[in-house]
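Here is the structure we will look at, set down as C-alpha coordinates.
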Protein chains: 2
Amino acid sequence: MTDRLSVIFSALADPTRRAILARLAEGEATVTELAEPFDISLPAISRHLKVLEAAGLISRSRSAQWRSSRLEAAPLREATAWMERYRRFWDDNFTRLDAHLKRLQEDDS
Amino acid sequence: MTDRLSVIFSALADPTRRAILARLAEGEATVTELAEPFDISLPAISRHLKVLEAAGLISRSRSAQWRSSRLEAAPLREATAWMERYRRFWDDNFTRLDAHLKRLQEDDS
DNA sequence: ACTTCACTTAACTCCTTCGTTAATTAACGA
DNA sequence: TCGTTAATTAACGAAGGAGTTAAGTGAAGT
(Lines give C-alpha, C1' and ligand atoms only; values in the text may rest on other atoms or scores of the structure.)
Protein backbone atom coordinates (compact mmCIF):
# COMPACT_ATOMS: atom_id res chain seq x y z
CA MET A 1 0.00 0.00 0.00
CA THR A 2 2.91 2.25 -0.69
CA ASP A 3 1.72 3.68 -4.00
CA ARG A 4 0.36 7.20 -4.28
CA LEU A 5 -3.15 6.29 -5.36
CA SER A 6 -3.62 3.92 -2.44
CA VAL A 7 -2.45 6.59 -0.03
CA ILE A 8 -4.81 9.11 -1.57
CA PHE A 9 -7.82 6.81 -1.66
CA SER A 10 -7.37 5.64 1.91
CA ALA A 11 -6.97 9.21 3.07
CA LEU A 12 -10.34 9.90 1.44
CA ALA A 13 -11.91 6.78 2.94
CA ASP A 14 -12.46 8.46 6.28
CA PRO A 15 -15.54 10.71 6.68
CA THR A 16 -13.82 12.93 9.26
CA ARG A 17 -10.99 13.58 6.83
CA ARG A 18 -13.40 14.33 3.98
CA ALA A 19 -15.20 16.78 6.26
CA ILE A 20 -11.90 18.43 7.07
CA LEU A 21 -11.19 18.87 3.37
CA ALA A 22 -14.66 20.32 2.90
CA ARG A 23 -13.97 22.83 5.64
CA LEU A 24 -10.61 23.73 4.11
CA ALA A 25 -12.29 24.45 0.79
CA GLU A 26 -13.63 27.55 2.53
CA GLY A 27 -10.15 28.65 3.54
CA GLU A 28 -7.17 27.91 5.73
CA ALA A 29 -7.79 26.86 9.32
CA THR A 30 -5.87 25.96 12.45
CA VAL A 31 -6.03 22.59 14.16
CA THR A 32 -8.40 23.71 16.91
CA GLU A 33 -10.66 25.37 14.36
CA LEU A 34 -10.75 22.17 12.35
CA ALA A 35 -11.40 20.09 15.45
CA GLU A 36 -14.29 22.22 16.64
CA PRO A 37 -17.18 20.53 14.73
CA PHE A 38 -16.08 17.04 15.77
CA ASP A 39 -16.62 15.07 18.90
CA ILE A 40 -13.12 13.66 18.94
CA SER A 41 -9.93 14.65 20.72
CA LEU A 42 -7.33 17.04 19.38
CA PRO A 43 -4.66 14.35 19.02
CA ALA A 44 -7.04 12.41 16.81
CA ILE A 45 -7.51 15.45 14.56
CA SER A 46 -3.79 16.02 14.57
CA ARG A 47 -3.28 12.56 13.15
CA HIS A 48 -5.97 12.95 10.53
CA LEU A 49 -4.09 16.02 9.36
CA LYS A 50 -0.91 14.00 9.21
CA VAL A 51 -2.62 11.46 6.98
CA LEU A 52 -3.99 14.18 4.71
CA GLU A 53 -0.57 15.78 4.52
CA ALA A 54 1.08 12.46 3.66
CA ALA A 55 -1.42 12.11 0.81
CA GLY A 56 -0.53 15.62 -0.36
CA LEU A 57 -4.12 16.74 0.17
CA ILE A 58 -3.11 19.54 2.50
CA SER A 59 -0.03 21.62 3.14
CA ARG A 60 0.78 23.16 6.47
CA SER A 61 2.43 26.32 7.68
CA ARG A 62 3.22 27.63 11.10
CA SER A 63 3.11 31.10 12.51
CA ALA A 64 3.77 31.36 16.20
CA GLN A 65 1.95 28.55 17.93
CA TRP A 66 -0.63 28.05 15.22
CA ARG A 67 -0.31 25.50 12.44
CA SER A 68 -2.67 26.32 9.67
CA SER A 69 -3.71 23.84 7.03
CA ARG A 70 -4.43 24.62 3.42
CA LEU A 71 -6.21 22.49 0.84
CA GLU A 72 -4.04 21.04 -1.93
CA ALA A 73 -6.40 19.37 -4.36
CA ALA A 74 -3.83 18.14 -6.89
CA PRO A 75 -4.02 14.53 -5.64
CA LEU A 76 -7.72 14.60 -6.43
CA ARG A 77 -6.76 15.21 -10.02
CA GLU A 78 -4.70 12.03 -9.97
CA ALA A 79 -7.54 10.10 -8.40
CA THR A 80 -10.11 11.37 -10.90
CA ALA A 81 -7.67 10.68 -13.71
CA TRP A 82 -7.60 7.07 -12.64
CA MET A 83 -11.38 6.89 -12.48
CA GLU A 84 -11.75 8.51 -15.88
CA ARG A 85 -10.51 5.28 -17.38
CA TYR A 86 -13.86 3.80 -16.41
CA ARG A 87 -16.03 6.69 -17.42
CA ARG A 88 -17.44 4.89 -20.44
CA PHE A 89 -18.85 2.30 -18.06
CA TRP A 90 -21.04 4.77 -16.27
CA ASP A 91 -21.47 7.94 -18.26
CA ASP A 92 -24.42 8.03 -20.64
CA ASN A 93 -22.70 10.38 -23.04
CA PHE A 94 -19.71 8.15 -23.12
CA THR A 95 -21.89 5.12 -23.66
CA ARG A 96 -23.53 6.83 -26.61
CA LEU A 97 -20.18 7.96 -27.93
CA ASP A 98 -18.91 4.43 -27.56
CA ALA A 99 -21.85 3.00 -29.49
CA HIS A 100 -21.31 5.65 -32.14
CA LEU A 101 -17.65 4.77 -32.52
CA LYS A 102 -18.51 1.10 -32.68
CA ARG A 103 -20.98 1.80 -35.46
CA LEU A 104 -18.35 3.76 -37.36
CA GLN A 105 -15.94 0.89 -37.02
CA GLU A 106 -18.50 -1.57 -38.32
CA ASP A 107 -19.10 0.72 -41.30
CA ASP A 108 -15.39 0.56 -42.01
CA SER A 109 -15.44 -3.15 -42.51
CA MET B 1 -17.38 4.20 8.29
CA THR B 2 -20.81 3.03 7.18
CA ASP B 3 -21.39 5.68 4.51
CA ARG B 4 -21.25 4.79 0.83
CA LEU B 5 -18.35 7.07 -0.10
CA SER B 6 -16.13 5.62 2.61
CA VAL B 7 -16.90 2.11 1.45
CA ILE B 8 -16.14 3.05 -2.14
CA PHE B 9 -12.90 4.89 -1.37
CA SER B 10 -11.57 2.16 0.87
CA ALA B 11 -12.41 -0.45 -1.76
CA LEU B 12 -10.29 1.60 -4.18
CA ALA B 13 -7.48 2.00 -1.67
CA ASP B 14 -6.12 -1.45 -2.41
CA PRO B 15 -3.87 -1.89 -5.46
CA THR B 16 -4.93 -5.50 -5.99
CA ARG B 17 -8.55 -4.44 -6.12
CA ARG B 18 -7.80 -1.61 -8.53
CA ALA B 19 -5.95 -4.10 -10.73
CA ILE B 20 -8.97 -6.38 -10.62
CA LEU B 21 -11.19 -3.53 -11.78
CA ALA B 22 -8.73 -2.78 -14.56
CA ARG B 23 -8.91 -6.38 -15.67
CA LEU B 24 -12.70 -6.35 -15.56
CA ALA B 25 -12.76 -3.30 -17.82
CA GLU B 26 -11.72 -5.72 -20.56
CA GLY B 27 -14.65 -8.00 -19.86
CA GLU B 28 -16.18 -10.39 -17.36
CA ALA B 29 -13.92 -12.91 -15.68
CA THR B 30 -14.08 -15.79 -13.24
CA VAL B 31 -12.36 -15.84 -9.87
CA THR B 32 -9.48 -18.04 -11.01
CA GLU B 33 -8.95 -15.89 -14.07
CA LEU B 34 -8.84 -12.81 -11.90
CA ALA B 35 -6.49 -14.47 -9.44
CA GLU B 36 -4.04 -15.58 -12.12
CA PRO B 37 -1.82 -12.44 -12.32
CA PHE B 38 -1.43 -12.21 -8.55
CA ASP B 39 0.82 -13.99 -6.16
CA ILE B 40 -1.87 -14.41 -3.53
CA SER B 41 -4.21 -17.23 -2.63
CA LEU B 42 -7.66 -17.76 -4.08
CA PRO B 43 -9.43 -17.09 -0.78
CA ALA B 44 -7.70 -13.72 -0.65
CA ILE B 45 -9.01 -12.86 -4.12
CA SER B 46 -12.42 -14.10 -3.13
CA ARG B 47 -12.48 -11.60 -0.28
CA HIS B 48 -11.29 -8.75 -2.49
CA LEU B 49 -14.23 -9.49 -4.74
CA LYS B 50 -16.53 -9.41 -1.76
CA VAL B 51 -15.24 -5.96 -0.85
CA LEU B 52 -15.68 -4.74 -4.42
CA GLU B 53 -19.19 -6.16 -4.50
CA ALA B 54 -20.09 -4.49 -1.19
CA ALA B 55 -18.95 -1.19 -2.70
CA GLY B 56 -21.14 -1.85 -5.73
CA LEU B 57 -18.10 -1.80 -7.99
CA ILE B 58 -18.80 -5.25 -9.38
CA SER B 59 -21.79 -7.51 -9.76
CA ARG B 60 -21.59 -11.26 -9.85
CA SER B 61 -23.36 -14.04 -11.64
CA ARG B 62 -23.01 -17.79 -11.54
CA SER B 63 -23.25 -20.40 -14.21
CA ALA B 64 -22.38 -23.92 -13.16
CA GLN B 65 -19.38 -23.79 -10.89
CA TRP B 66 -18.08 -20.50 -12.22
CA ARG B 67 -18.83 -17.13 -10.67
CA SER B 68 -18.09 -14.41 -13.09
CA SER B 69 -17.60 -10.80 -12.07
CA ARG B 70 -18.64 -7.80 -14.07
CA LEU B 71 -17.55 -4.20 -13.66
CA GLU B 72 -20.18 -1.78 -12.32
CA ALA B 73 -18.65 1.65 -12.49
CA ALA B 74 -21.57 3.67 -11.11
CA PRO B 75 -19.93 4.12 -7.69
CA LEU B 76 -17.02 5.78 -9.47
CA ARG B 77 -19.47 8.41 -10.62
CA GLU B 78 -20.40 9.11 -7.02
CA ALA B 79 -16.76 9.31 -6.03
CA THR B 80 -15.85 11.65 -8.89
CA ALA B 81 -18.93 13.74 -8.14
CA TRP B 82 -17.57 14.27 -4.64
CA MET B 83 -14.14 15.20 -5.96
CA GLU B 84 -15.57 17.58 -8.52
CA ARG B 85 -16.43 19.91 -5.66
CA TYR B 86 -12.72 20.59 -5.43
CA ARG B 87 -12.01 20.89 -9.10
CA ARG B 88 -11.53 24.65 -8.95
CA PHE B 89 -8.61 24.02 -6.60
CA TRP B 90 -6.65 22.05 -9.14
CA ASP B 91 -7.96 22.59 -12.65
CA ASP B 92 -6.44 25.46 -14.58
CA ASN B 93 -9.54 26.03 -16.65
CA PHE B 94 -11.62 26.15 -13.55
CA THR B 95 -9.22 28.59 -11.95
CA ARG B 96 -9.50 30.83 -14.98
CA LEU B 97 -13.27 30.43 -15.04
CA ASP B 98 -13.36 31.27 -11.37
CA ALA B 99 -11.32 34.41 -11.90
CA HIS B 100 -13.56 35.34 -14.79
CA LEU B 101 -16.70 34.94 -12.71
CA LYS B 102 -15.16 36.96 -9.91
CA ARG B 103 -14.40 39.73 -12.36
CA LEU B 104 -17.97 39.70 -13.61
CA GLN B 105 -19.24 39.94 -10.07
CA GLU B 106 -16.99 42.89 -9.37
CA ASP B 107 -18.33 44.58 -12.49
CA ASP B 108 -21.83 44.14 -11.11
CA SER B 109 -21.12 46.20 -8.05
C1' DA C 1 10.72 32.99 35.25
C1' DC C 2 6.19 31.08 35.03
C1' DT C 3 1.99 30.13 32.92
C1' DT C 4 -0.83 29.50 29.28
C1' DC C 5 -2.01 28.24 24.68
C1' DA C 6 -1.68 25.37 20.49
C1' DC C 7 -0.35 21.42 19.11
C1' DT C 8 2.29 16.88 18.82
C1' DT C 9 4.15 12.51 20.57
C1' DA C 10 3.84 8.44 23.36
C1' DA C 11 1.65 4.56 25.09
C1' DC C 12 -2.07 1.98 25.10
C1' DT C 13 -6.69 -0.33 23.50
C1' DC C 14 -9.99 -1.95 20.28
C1' DC C 15 -11.32 -3.32 15.87
C1' DT C 16 -10.62 -4.15 11.09
C1' DT C 17 -8.05 -5.65 7.16
C1' DC C 18 -5.06 -8.65 4.60
C1' DG C 19 -2.89 -12.61 4.26
C1' DT C 20 -2.36 -17.66 5.26
C1' DT C 21 -3.92 -23.00 5.25
C1' DA C 22 -7.49 -26.36 5.93
C1' DA C 23 -12.10 -27.66 5.52
C1' DT C 24 -16.56 -27.19 3.09
C1' DT C 25 -19.98 -26.50 -0.55
C1' DA C 26 -21.70 -27.07 -5.09
C1' DA C 27 -21.81 -28.53 -9.74
C1' DC C 28 -20.01 -31.30 -13.48
C1' DG C 29 -18.15 -35.40 -15.82
C1' DA C 30 -16.93 -40.37 -16.10
C1' DT D 1 -21.42 -42.67 -7.00
C1' DC D 2 -16.88 -40.90 -6.93
C1' DG D 3 -13.50 -37.78 -8.15
C1' DT D 4 -12.43 -33.25 -9.99
C1' DT D 5 -12.94 -28.42 -10.53
C1' DA D 6 -14.39 -23.77 -8.81
C1' DA D 7 -15.08 -21.11 -5.26
C1' DT D 8 -16.31 -19.97 -0.43
C1' DT D 9 -16.14 -20.29 4.67
C1' DA D 10 -13.60 -21.03 8.93
C1' DA D 11 -9.93 -20.25 11.93
C1' DC D 12 -6.02 -18.11 12.76
C1' DG D 13 -1.95 -14.48 13.01
C1' DA D 14 0.37 -10.12 11.81
C1' DA D 15 -0.13 -5.46 10.86
C1' DG D 16 -2.40 -1.18 10.66
C1' DG D 17 -6.11 2.15 11.55
C1' DA D 18 -8.66 5.21 14.79
C1' DG D 19 -9.68 6.42 19.17
C1' DT D 20 -8.30 7.45 24.09
C1' DT D 21 -5.48 9.91 28.07
C1' DA D 22 -1.17 11.65 29.68
C1' DA D 23 3.09 13.75 28.91
C1' DG D 24 6.11 16.81 26.09
C1' DT D 25 7.39 20.92 23.00
C1' DG D 26 7.68 25.56 21.79
C1' DA D 27 6.19 30.22 21.30
C1' DA D 28 3.56 34.24 23.72
C1' DG D 29 1.83 36.87 27.36
C1' DT D 30 2.51 38.83 31.98
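Keep in mind that this is a model prediction, so the values were computed, not measured. Quick note on labels: first sequence line is chain A, next is B, and so on, each numbered from 1.
- You'll find the side chain of A/H48 reaches within 4.5 Å of the side chain of A/D14, heavy atoms only.
- In terms of heavy atoms, B/L5 sits closest to B/A79 at CD2-CA, 3.9 Å.
- To the nearest angstrom, P of D/dA18 lies 12 Å from CG of A/L12.
- Distances shown here put every side-chain N or O of A/R60 at or beyond 4.0 Å from the OP1 or OP2 atom of C/dA6.
- When both distances must be under 3.5 Å, the Watson-Crick or G-U wobble mate of D/dT5 is C/dA26.
- Each of A/V51 and B/L49 has a nearest nucleotide on DNA chain D; the 5'-most of these lies closest to B/L49.
- Although no hydrogens or angles enter the test, the distance criterion places a donor-acceptor pair under 3.5 Å between the side chain of A/R17 and the main chain of A/A11.
- Residues A/L42 and A/L49 fall within the same hydrophobic cluster, defined by Ile, Leu, Val, Met, Phe, Trp and Tyr side chains chained together at heavy-atom separations under 4.5 Å.
- Distance, A/I58 CD1 to C/dC7 C1': 13 Å, rounded to whole Å.
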Heteroatom pairs (N/O) under 3.5 angstrom, protein to nucleotides 19-28 of chain C:
{"from": "C/dG19", "atom 1": "OP2", "to": "B/H48", "atom 2": "NE2", "distance (Å)": "2.4"}
{"from": "C/dG19", "atom 1": "O6", "to": "B/R47", "atom 2": "NH2", "distance (Å)": "2.8"}
{"from": "C/dT20", "atom 1": "OP1", "to": "B/S41", "atom 2": "N", "distance (Å)": "3.3"}
{"from": "C/dT20", "atom 1": "OP2", "to": "B/S41", "atom 2": "N", "distance (Å)": "2.9"}
{"from": "C/dT20", "atom 1": "OP2", "to": "B/S41", "atom 2": "OG", "distance (Å)": "2.5"}

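- Put simply, the side chain of A/E33 gets close to the backbone of A/T30: a donor and an acceptor are under 3.5 Å apart.
- With no hydrogens or angles considered, a side-chain donor-acceptor pair links A/S6 and B/R18 at under 3.5 Å.
- Atom C1' of nucleotide C/dC7 and atom CD of A/E53 are separated by 13 Å, given to the nearest angstrom.
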